[in-house]
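Input: a single structure, listed below in structure tokens.
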Amino acid sequence: MVRYNPNEIEPRWQSYWDEHNSFATPSLTDSAQDVAKRYVLDMFPYPSGDGLHVGHPEGYTATDIVSRFARARGELVLHPMGFDAFGLPAEEHAIRTGEHPRVQTQRNIDNFTRQLKMLGFSYDWDRVLATTDEDYFRWTQWIFLVLYDTWFDTEMQKGRPIAELPIPAEVTAEGDRAVELYRDSRRLAYQDDALVNWCAKLGTVLANEEVVDGKSEVGGHPVKRIPLRQWMLRITDYAERLLEGLEELDWPTGIKKLQYDWIGRSTGAEVDFYLQSGNRAGDDATGPFVAWKRDRATTGFPGETQEDFLRVYTTRPDTLFGATYMVVSPEHPLIDRLVTPEQKAEVNAYREKASFKSDRERTDGDRAKTGVFTGSHAINPADGRSIPIWVADYVLAGYGTGAIMAVPAHDIRDFEFAVAFDLPVIPVVNPPADHEQRDDILAGKACYVAEGEAINSGEFNGQTTAEVKSALTARLSEEGLAREAVNFKLRDWLFSRQRFWGEPFPILHEIDADGNPTGIKRAVPDDQLPVTLPDLEDFKPHGRPEPPLAKADDDWLIVELDGKRYRRETNTMPQWAGSCWYYLRYIDPKNAQQLIDPELEKVWMPVDLYVGGAEHAVLHLLYSRFWHKVLYDRGYVTCPEPFRKLVNQGMILGEVEFTGYTDEAGKPVSTKNVRRDADGNRVTKDGKPVTTVKISEDDVEKKGEGFVLKSDPSIKIDSRAFKMSKTRGNVVNPDGVVRDYGADSLRLYEMFMGPLEATKPWVMTGVGGVRGFLDRVWRLIVDDKADELQLSDAVVDEPCDEEQLRVLHQTIRKVTEDTEGMSFNTAIAKMMEFSNHFTRCETRPREAMEQFLVLLHPYAPHIAEELWRLLGHQESISKEAWPQWDEAALVESSIEIPVQINGKLKAKINVAPDASQDQMIEAAMGDEQVQNAIGDKQVFKKIAVPGRMVNLVVK
RNA sequence: GCUGCUGUAGCUCAGGGGUAGAGCGCCUCCUUGGUAAGGAUGAGGUCAUGGGUUCAAAUCCCAUCAGCAGCUCCA
């Protein structure tokens with residue numbers, strides 16, 4: 001008796017594929033031009049010490065199916081894998097144990113590789129790469145130097161070589177050093193004193209997006225804001241291009257929207273408010289203000305801001321008449337000019353406090369508005385009214401101009417602030433007559449943010465919001481007081497980290513004879529790349545915001561070049577760097593001369609399918625697109641966007657858990673009587689603490705919407721699946737699943753769980769279910785009663801009967817269409833139906849079995865290979881062509897259709913599939929059951945949909 | 001608060017204006033000297049709720065409820 005034994009079959013076929021190099025990427029350049037290429041890419045993993053979890057193989061199985069399917073259809077496939085191997089965990093391990101991060105990283109990569117091979121993925125393993133490989137990060141550094149060598153020409157909307165940057169005459173006049181500094185101020189990679197998130201515990205600064213709730217995303221340590229000299233990448237220059245590029249992409253709309261929102265383009269106007277000297281609110285504002293205004297009318301709107309006015313950005317210039325005060329951020333450059341002596345102490349105290357506030361404190365709680373009056377006033381250019389200027393931390397220094405005109409009647413934040421500090425509220429937009437709060441709004445007691453008709457707005461009264469917007473902006477522009485403006489939420493990318501385990505920056509800082517920096521930088525020459533990491537004795541951060549690389553010996557740190565001495569840059573790049581461009585290197589992974597051979601780039605790019613988790617929806621994909629556009633502008637790649645189609649696989653949760661609660665006496669408490677108190681602890685309605693207890697599935701039953709305790713149906717039970725985590729102890733390990741069920745079962749189950757994009761809980765009995773399916777497939781072909789592996793007697797060299805042929809071709813069509821549409825779960829369901837049908841057949845024509853195995857092989861490659869071999873084939877099934885379905889075979893000679901009376905099903909009749917409407921109605925009227933249903937009523941209308949149904953309307 | 005997604009059999013999910021489906025689980029029966037056994041039958045659904053459009057709504061539209069995920073002072 002030979003049973004299906006994946007533990008024996010699977011390693012054997014994996015070795016076979018290895019030995020025969022079955023999935024080597026075909027060379028595109030010598031292939032016929034008319035053959036389609038398909039570049040199928042997974043987001044490469046960070047090789048953690050925990051190994052793969054079952055979430056990884058979800059996306060990997062999907063891409064593997066697509067790749068094997070494409071090959072079977074004659075396409076040329078590139079399907080590579082690699083490792084995003086720089087990162088904090090390896091460095092933290094090194095700090096703890098003293099073991100070099102490279103050692104641990106390699107060990108983890110080896111383990112990941114073993115696990116990936118165990119699952120039978122058809123990667124081209126000759127192209128594997130890790131971002132930590134020196135001949136990989138050599139090119140990461142090289143791309144950084146391209147960024148360093150590029151400036152963005154706003155006119156042309158294009159990155160250009162820094163040598164082509166026009167230098168103003170006055171700069172040239174100041175000499176070479178000034179020219180160099182001017183260039184530095186325009187490079188895409190530049191240094192700046194940034195307020196950074198310094199995490200003392202991790203010993204590094206973090207990007208904003210790595211800080212969650214004021215704590216580090218990794219480890220949850222406290223984060224403080226300090227100023228530090230950092231490398232920045234000018235991604236904001238590409239904001240418009242990054243937006244435009246999204247349109248053409250075949251990405252989920254949700255992800256596109258996230259990127260749109262992240263970039264956050266808004267249009268509005270910049271408006272200048274004349275500053276009154278001192279605190280003479282409203283008295284003689286007219287004189288100097290009128291003079292200033294007259295001046296502006298001739299000189300126009302200045303490009304740079306000056307001391308005598310405060311510039312704001314607003315998306316609602318139409319509400320200018322409603323601006324009753326102004327607010328500057330605590331970090332606003334004009335603040336010292338604005339604060340009057342009387343207010344100085346209070347403002348300074350407020351600014352001090354704000355600077356120490358962590359992001360957590362700033363955003364925590366109910367966000368009650370805080371702020372302090374500066375003592376100064378400005379004049380509203382719309383009507384010449386004098387309004388006070390406040391400082392408050394709800395205005396952000398980094399957005400717009402760092403100052404706002406506050407219109408409390410029509411902005412919620414301004415309204416809250418005005419209420420808190422008793423500032424006037426003047427409505428200037430009339431809400432629609434049927435608006436619930438209309439009276440309150442008009443009385444200045446409520447806030448209205450939508451559009452409407454202008455009121456209290458002088459000559460603009462009665463116009464719509466859109467009309468006022470353009471008319472008022474136009475008038476102010478003419479007067480030189482405003483201009484149309486576009487703003488982005490996107491910020492420049494903080495690109496340096498104070499860590500050891502990352503790519504060193506290929507930058508040298510010139511030092512003088514005493515070892516002090518002169519302020520001049522230069523790039524490490526191409527032929528001296530890569531800049532490798534120095535050998536260090538230990539990897540501990542020193543608790544100061546100075547990178548570990550600064551501890552390196554002088555023979556690494558100090559470089560002499562062309563007679564000058566330099567000190568190496570000691571920051572390292574963030575983990576994003578290596579993942580920004582790996583998809584390019586897979587195409588030409590061993591090229592020592594260049595990043596990528598342009599010929600190969602041209603044929604393989606863009607990536608046709610990119611699959612990964614939605615957690616990378618914004619950052620990785622935005623950063624990658626940014627680098628790609630720079631490389632595009634500089635002529636190193638030929639397509640403007642790297643990833644044509646993107647699919648996010650959903651998260652796999654742990655098994656569903658049932659949770660109940662007990663009170664202090666141990667008595668069960670129904671879920672509906674449990675609340676969370678202010679601290680997030682679970683308590684009863686009257687505030688007594690409850691204990692959370694896990695409940696077995698056997699002890700609960702379904703009742704209505706939810707679950708209740710079997711022993712006491714009045715007790716409601718929570719049921720939900722949680723994210724897999726070590727602390728919860730619900731992590732499913734692929735090694736165990738493969739051992740117990742086989743890799744094919746794991747692959748099949750991951751795909752059968754539900755749509756790829758959906759979040760879904762793991763159900764171990766479901767794995768048993770698909771294993772049962774594979775067992776049946778095995779018995780379909782193998783004689784499981786025989787002592788030796790041999791074909792079942794039922795497999796015969798005869799043609800299919802009509803029904804078998806129809807089932808076969810239905811299956812071919814469904815599996816083909818669903819695989820193409822990445823609807824893998826439904827394709828599998830159809831294959832299950834196929835095997836159920838043929839299990840019931842006494843004879844199973846060989847032809848049907850063979851075609852079925854070809855359909856199955858992208859999903860369960862090992863068993864398909866094994867059975868294919870048993871059917872007498874010497875060549876791997878992966879070389880077999882995908883079957884075609886025959887439309888003629890799908891047609892049934894007679895079909896059953898429903899007959900409805902007034903839309904309710906009353907009978908079924910058999911008709912030819914191509915029966916006309918008249919024929920169908922005739923057949924329906926001739927049916928006995930139909931006649932009975934009609935009885936003595938009159939038929940008003942007869943509706944027949946060919947091939948579908950008949951409906952009779954009677955009265 | 002905002003945005004997005006989801007409510008179909010006990011579970012996990014297909015379907016989608018015109019016959020309510022699959023796998024697992026469950027009931028009953030049969031086969032089996034080789035047992036993580038196999039086969040055959042069957043039960044089980046107010047398609048979340050309420051309106052609307054239609055000859056016909058689980059499907060389309062509106063509202064409501066519930067769950068999940070992400071974002072959040074961007075003027």
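All figures in this text were calculated on a predicted structure; none of them were measured in a lab. Note on naming: letters A, B, ... go to the chains in the order of the sequence lines (proteins, then strands), and numbering restarts at 1 for each one.
Note on ring orientation: taking the six-membered ring where Trp is involved, the planes of A:Phe417 and A:Tyr394 are tilted (angle from 30° to 60°). By the 30° and 60° cut-offs, the orientation of the rings of A:Tyr749 relative to A:Trp762 is perpendicular.
When heavy atoms are screened at a 4.0 angstrom cut-off, A:Ser823 is found touching no nucleic acid atom at all. At the heavy-atom level, A:Arg771 lies under 4.0 Å from base atoms of the strands shown.
Computed from coordinates, the A:Asp414 CG to B:A75 P distance equals 12 Å when rounded to whole Å. Rounded to an integer number of Å, the gap from A:Asn648 CG to B:G4 C1' is 13 Å. Counting to the nearest Å, the P atom of B:U12 and the CG atom of A:Leu653 are 11 Å from each other. A:Asp775 places its CG atom 7 Å from the P atom of B:G38, with the value rounded to the nearest Å.
Between the side chain of A:Lys942 and the base of B:C55, no donor-acceptor pair under 3.5 Å is found. A donor-acceptor contact under 3.5 Å is formed by the side chain of A:Asn951 with the base of B:C55.
Taking 4.0 angstrom as the limit, A:Arg311 places none of its side-chain polar atoms (N or O) nearer than this to OP1 or OP2 of B:A75. Contact annotation: A:Asn836 side-chain N/O to B:G39 OP1/OP2 distance is not under 4.0 Å. Put simply, A:Thr826 has no side-chain N or O that comes within less than 4.0 Å of OP1 or OP2 on B:C13.
You'll find that the side chain of A:Met832 is closest to B:A22, out of B:A22, B:A75, B:G39. When each of B:C13, B:C73, B:C24 is scored by its nearest atom to the side-chain atoms of A:Arg776, the top-ranked nucleotide is B:C24. With distances taken from any side-chain atom of A:Arg779 to the nucleotides B:G39, B:A75, B:A14, the minimum falls on B:G39. Candidate nucleotides B:A14, B:A75, B:G23 were compared by shortest atom distance to the side chain of A:Pro755, and B:A14 ranks first.
Looking only at distances, no side-chain donor or acceptor of A:Asp818 sits under 3.5 Å from a matching main-chain atom of A:Phe824.
The base-pairing partner of B:A66, taking Watson-Crick or G-U wobble contacts with both distances under 3.5 Å, is B:U6.
Taking a cutoff of 4.0 Å between a charged side-chain nitrogen and a carboxylate oxygen, A:Asp775 and A:Arg771 qualify as a salt bridge. Electrostatic pairing of A:Lys760 and A:Glu58 counts as a salt bridge here, judged by a charged N lying under 4.0 Å from a carboxylate O.
The residue among A:Lys830 and A:Pro898 whose nearest nucleotide of RNA chain B lies closer to the 5′ end is A:Pro898.
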